[in-house]
Amino acid sequence: MAAGAARSEMKPVRPAFVPDPSASREAMEALQREIAAAAAFADDFGFDSAAVSTTAATHTLDSIADDRTAAGPSHDDPPTVVGVDQAFLDDRAVGAIVALRGGEVIERAHAVVDLEFPYVPGLLSFRETGAILAAFENLDVEPDLAVFDGSGRIHYREAGLATHMGVTLDLPAVGVAKGLLCGAPQGSLDDLPEGTRVAIAANDSVETADDVDTVIGYALQTRQYDSGNRHINPVYVSAGHRVGGDTAADLVERLCDGYKLPEPTRLADSYADEVKRDHSG
DNA sequence: GCGACAG
DNA sequence: ATCTTGTCGC
């Protein structure tokens, strides 16, 4: 390796799971079943979820003293969380990633690739993954967690975008969607108070679920008006990979900073627009 | 047959 | 997702 070039470009750990937009629909669905089988819908990450936040950690005098006397490695660095989002221009897709550590943006990476597949509900990853994986290859930092714009386990074959990407990169991942793809909310979603979460159970449209009672995600009311006529809709949070459903909701809640969407997602969103503008002329 | 359907 | 001004209500 060249001196001074210590890049850690993130590449697929499971190349066989990289979506092939030219595959048949049957092959795509078969791949999704494999991915769901390989996915871990339980916590398996090496950071403290309580250290995830939108603001820089406040160091107490005690913790500073602890740091100085601790024998082991310092755990000062908050987890690195990346927000991933997409935008489109003509027949090209923009993949945008913003990396945050303790509320600070530490890196941004993007890629622009030609679109090869249309939007088909349930097959979103076959449309958007090319740009996302290309953007990850341009990312230097090693993320601890990725927040994707779309579903994870809330999917017909429990293999939504967040799950597909998480498994392919073997990266802890959660999905945050603005709409519900499938599943049955276990309660009313109308005008919920801020902080409320309603479980989304599998239903007949979730082909891979054994029980119809399996919780595949949550409707999470990340923000709500205190009063008035209008109200805000919840977001739909689900496990992507190596994160359990309730932990996914906890993490998303911690990552929201007064807005409906988590901060990494909002920043990736505006970064994608920025890239899009630069590629328009 | 009809409706539903992440981005 | 995207095309887009003003507008209603926090």
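In the text below, chain A, chain B and the rest are named by the order of the sequence lines, each starting its count at 1.
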Between A/K178 and B/dA6, is there a side-chain N or O to OP1/OP2 distance below 4.0 Å?
no
Would you call A/D85 and A/R266 a salt bridge, using N to O less than 4.0 angstrom?
no
Ring-plane angle category for A/F136 and A/F148, please: parallel below 30°, perpendicular beyond 60°, tilted otherwise.
tilted
Protein-nucleotide distance (A/R92, atom CZ; C/dA1, atom P), rounded to Å:
19 Å
Atom CZ of A/R230 to atom C1' of C/dT7: distance rounded to whole Å?
10 Å
Any side-chain N or O of A/N229 under 4.0 Å from OP1/OP2 of C/dC8?
no
Within this structure, what is the CZ-to-P distance between A/F126 and C/dA1, rounded to whole angstrom?
21 Å
In whole Å, I'd like the distance from the OH atom of A/Y236 to the C1' atom of B/dA6.
11 Å
Touch class at under 4.0 angstrom, heavy-atom based, for A/G122 against every strand present:
base
Counting any heavy atom closer than 4.0 Å, what does A/G179 reach on the DNA or RNA strands: base, sugar-phosphate only, or nothing?
sugar-phosphate
Between A/H164 and A/F126, is the ring centroid distance below 6.0 Å?
yes
Has A/K276 got a side-chain N or O lying under 4.0 Å from the OP1 or OP2 atom of C/dT2?
yes
Whole angstroms only, please: what is the CD-P distance between A/Q86 and C/dT2?
10 Å
Output yes when A/R101 and A/D144 qualify as a salt bridge under the 4.0 Å nitrogen-oxygen rule, no when they do not.
no
A/L161 CG to B/dC5 C1': how many Å, rounded?
16 Å
Whole-Å gap separating P (B/dC5) and CG (A/L123)
17 Å
Categorize A/Y156 for me: base, sugar-phosphate, or nothing, with a 4.0 angstrom heavy-atom threshold over every strand shown.
base
Would you mind reading off the distance between A/R157 atom CZ and B/dC5 atom P, rounded to a whole angstrom?
16 Å
Which part of the nucleic acid, if any, lies within reach of A/A87 when heavy atoms closer than 4.0 Å are counted: base, sugar-phosphate only, or nothing?
sugar-phosphate
Is a salt bridge present between A/R33 and A/E29, judged by a nitrogen-to-oxygen distance below 4.0 Å?
no
Aromatic-base stack, A/Y119 on B/dG7, cutoff 5.5 Å, angle under 30
yes
What's A/D226 touching, base or sugar-phosphate or nothing? Going by heavy atoms closer than 4.0 Å.
nothing
